[in-house]
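Only one structure is covered here, and it is reproduced in the block below.
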Amino acid sequence: MFVSNNACLVPTSFWLTGIPGLESMYIWLSIPFSSMYLVAVVGNVIILAVVKVERSLHQPMYFFLCMLAVIDLVLSTSTMPKLLAIFWFGAHRIDLDACLAQMFFIHCFATVESGIFLAMAFDRYVAICDPLHHTLVLTHTVVSRLGLAALLRGVLYIGPLPLMIHLRLSLYRTQIIAHSYCEHMAVVTVACGDTTVNDFYGMGIGFLVLILDSLAITASYVMIFRAVMGLATPEAKLKTLGTCSSHICAILVFYIPIAVSSLTHRFGHHVPPHIHILLANFYLLIPPVLNPVVYAVRTRKIRERLLYILKAGAHPK
């Protein structure tokens with residue numbers, strides 16, 4: 001419903017377009033999206049359960065992995081139920097408050113996830129470059145504080161986004177948002193008035209989170225590789241690098257889809273809108289789907305515990 005104010009309007013709700021141009025394929029699109037969402041939920045819940053049950057996994061690396069699992073559950077659940085509701089029931093409408101809440105959760109927890117990857121890079125750096133002091137530096141208290149710091153950073157960085165929209169941008173040209181979820185720039189684009197502050201704040205946060213975090217992670221791995229190259233035998237080098245492989249894969253799974261989506265959004269002016277929206281959904285869904293798979297396949301302790309549980313279930317007493 002709209003309240004008119006000359007050429008602009010005061011919305012009480014928005015209309016999410018979904019994926020324009022692919023309306024005839026919504027039922028078919030719902031199959032891979034619902035399947036991936038199910039895999040993401042089940043996979044991350046299994047990771048949480050395995051780490052909780054297996055006391056040998058009560059180590060910093062696996063605590064950070066649990067934080068990632070919770071973040072991935074929040075990210076995927078912030079977008080997929082609404083997208084599936086659009087596919088299945090044509091539920092395009094979203095209340096203004098729900099839209100701002102969705103925006104906050106999506107951008108906040110993407111920021112928190114980047115912070116957790118940074119903390120994990122620090123954990124790997126200490127474990128490889130100063131192994132004798134790893135357990136002294138990365139205590140349970142320190143791990144908890146790093147996780148809390150990542151969460152607080154996400155809240156402090158992203159909290160102003162919906163707040164500025166609520167306080168500064170109350171008038172809109174249309175209630176139609178050309179997206180499947182309430183992405184910040186998609187909402188700001190349809191607003192009346194001066195959006196310069198919102199634009200620059202959004203770009204500044206993107207720079208602080210993606211660029212600076214990725215540079216810090218890269219710097220930590222440069223020091224890790226230098227330490228590894230100083231090891232005596234090729235076997236020792238491979239074994240040490242193997243402890244980082246899961247983390248490196250998870251980082252690539254997280255940052256590459258975001259980079260591709262951002263570059264396409266900024267420079268792909270001739271790319272069809274449905275491609276932009278599909279990429280935006282994939283970058284929120286691919287990490288929650290692949291992170292549990294990567295860690296289950298690449299981490300021996302998790303793999304062994306999963307196999308034990310599966311065997312116990314297959315051969316009950």
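For this chain, numbers begin at 1 and follow the sequence in order.
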Compare every heavy atom of [Y] with every heavy atom of [X], then report the nearest pair and how far apart it is.
{"X": "T17", "Y": "P20", "answer": "OG1-CD, 3.8 Å"}
{"X": "I47", "Y": "P292", "answer": "CG1-CB, 3.9 Å"}
{"X": "I116", "Y": "G147", "answer": "CD1-CA, 4.0 Å"}
{"X": "D199", "Y": "M185", "answer": "OD1-CE, 3.4 Å"}
{"X": "V41", "Y": "L73", "answer": "CA-CD2, 3.7 Å"}
{"X": "N198", "Y": "H184", "answer": "O-CE1, 3.5 Å"}

Under 3.5 Å, side-chain donor or acceptor atoms of residues 126-136 against the rest of the protein: list the pairs with distances, not counting sequence neighbours.
from : atom 1 : to   : atom 2 : distance (Å)
D130 : OD1    : H133 : ND1    : 3.0
D130 : OD2    : H133 : ND1    : 3.4
H134 : NE2    : D123 : OD1    : 2.7

Using atom types as modelled and distance alone, determine if a side-chain donor or acceptor of [X] lies under 3.5 Å from a backbone N or O of [Y].
{"X": "Q102", "Y": "C182", "answer": "yes"}
{"X": "H58", "Y": "V51", "answer": "yes"}
{"X": "E23", "Y": "G21", "answer": "yes"}
{"X": "D95", "Y": "D97", "answer": "no"}

Let me check something: do [X] and [Y] share a hydrophobic cluster, defined by ILVMFWY side-chain heavy atoms less than 4.5 Å apart, either directly or through other members?
{"X": "M229", "Y": "I224", "value": "yes"}
{"X": "L163", "Y": "V10", "value": "no"}
{"X": "L161", "Y": "V155", "value": "yes"}
{"X": "V42", "Y": "L75", "value": "yes"}
{"X": "L152", "Y": "V142", "value": "no"}

Once rounded to the nearest 0.5 Å, what's the spacing between atom [atom1] of [X] and atom [atom2] of [Y]?
{"X": "L146", "Y": "L151", "atom1": "CG", "atom2": "CG", "answer": "12.5 Å"}
{"X": "Y181", "Y": "M80", "atom1": "OH", "atom2": "CE", "answer": "8.5 Å"}
{"X": "I106", "Y": "S76", "atom1": "CD1", "atom2": "OG", "answer": "11.0 Å"}
{"X": "F64", "Y": "L138", "atom1": "CZ", "atom2": "CG", "answer": "5.5 Å"}
{"X": "R124", "Y": "C244", "atom1": "CZ", "atom2": "SG", "answer": "6.0 Å"}
{"X": "Y255", "Y": "I217", "atom1": "OH", "atom2": "CD1", "answer": "3.5 Å"}

Verify the neighbour count for atom [atom1] of [X]: are there more than 12 heavy atoms of other residues, nucleotides or ligands below 6.0 Å?
{"X": "Y125", "atom1": "OH", "answer": "no"}
{"X": "R303", "atom1": "CZ", "answer": "yes"}
{"X": "M223", "atom1": "CE", "answer": "yes"}
{"X": "Y283", "atom1": "OH", "answer": "yes"}

Validation row: [X], [Y] side chains within 4.5 angstrom (heavy atoms):
{"X": "L22", "Y": "L278", "value": "yes"}
{"X": "L68", "Y": "E113", "value": "yes"}
{"X": "Q175", "Y": "S13", "value": "yes"}

- Parallel, tilted or perpendicular for Y172 and F14, by the 30°/60° rule? perpendicular
- Message: Angle between ring planes, H140 versus F63, binned at 30° and 60°: parallel, tilted or perpendicular?
- Response: perpendicular
- Can a donor-acceptor pair be found between the side chains of Y221 and H247 at a distance below 3.5 Å? yes
- Message: Give me each pair satisfying disulfide bond (SG atoms under 2.5 Å apart) with a member in residues 46-90, each pair once, sequence neighbours excluded.
- Response: none
With a cut-off of 3.5 Å and sequence neighbours excluded, list every side-chain donor-acceptor pair involving residues 204-216.
from : atom 1 : to   : atom 2 : distance (Å)
D213 : OD1    : R153 : NH1    : 3.0
D213 : OD2    : S114 : OG     : 2.6
D213 : OD2    : R153 : NH1    : 3.3
D213 : OD2    : R153 : NH2    : 2.7
S214 : OG     : L210 : O      : 2.6
S214 : OG     : I211 : O      : 2.8

- For the pair L83 and Y37, evaluate side-chain contact (heavy atoms from CB on, under 4.5 Å) and give the outcome as yes or no after the intermediate values. CA-CA 11 Å; L83 180 61; Y37 178 52; over 6 Å; no
- Message: Please determine whether side-chain contact (heavy atoms from CB on, under 4.5 Å) holds for the pair I19 and Y26, giving the CA-CA distance in whole Å, both sets of side-chain angles, and the decisive distance to 0.1 Å.
- Response: CA-CA 8 Å; I19 306 178; Y26 275 1; 4.3 Å; yes
- Item | Derivation of the side-chain contact (heavy atoms from CB on, under 4.5 Å) call for W28 and F87 | CA-CA 9 Å; W28 295 108; F87 286 163; over 6 Å; no
- Run the numbers on L65 and L57 for side-chain contact (heavy atoms from CB on, under 4.5 Å), then give the verdict. CA-CA 10 Å; L65 177 56; L57 298 179; over 6 Å; no
- Task: Examine Y157 together with Y201 and report whether their ring centres are nearer than 6.0 Å.
- Result: no
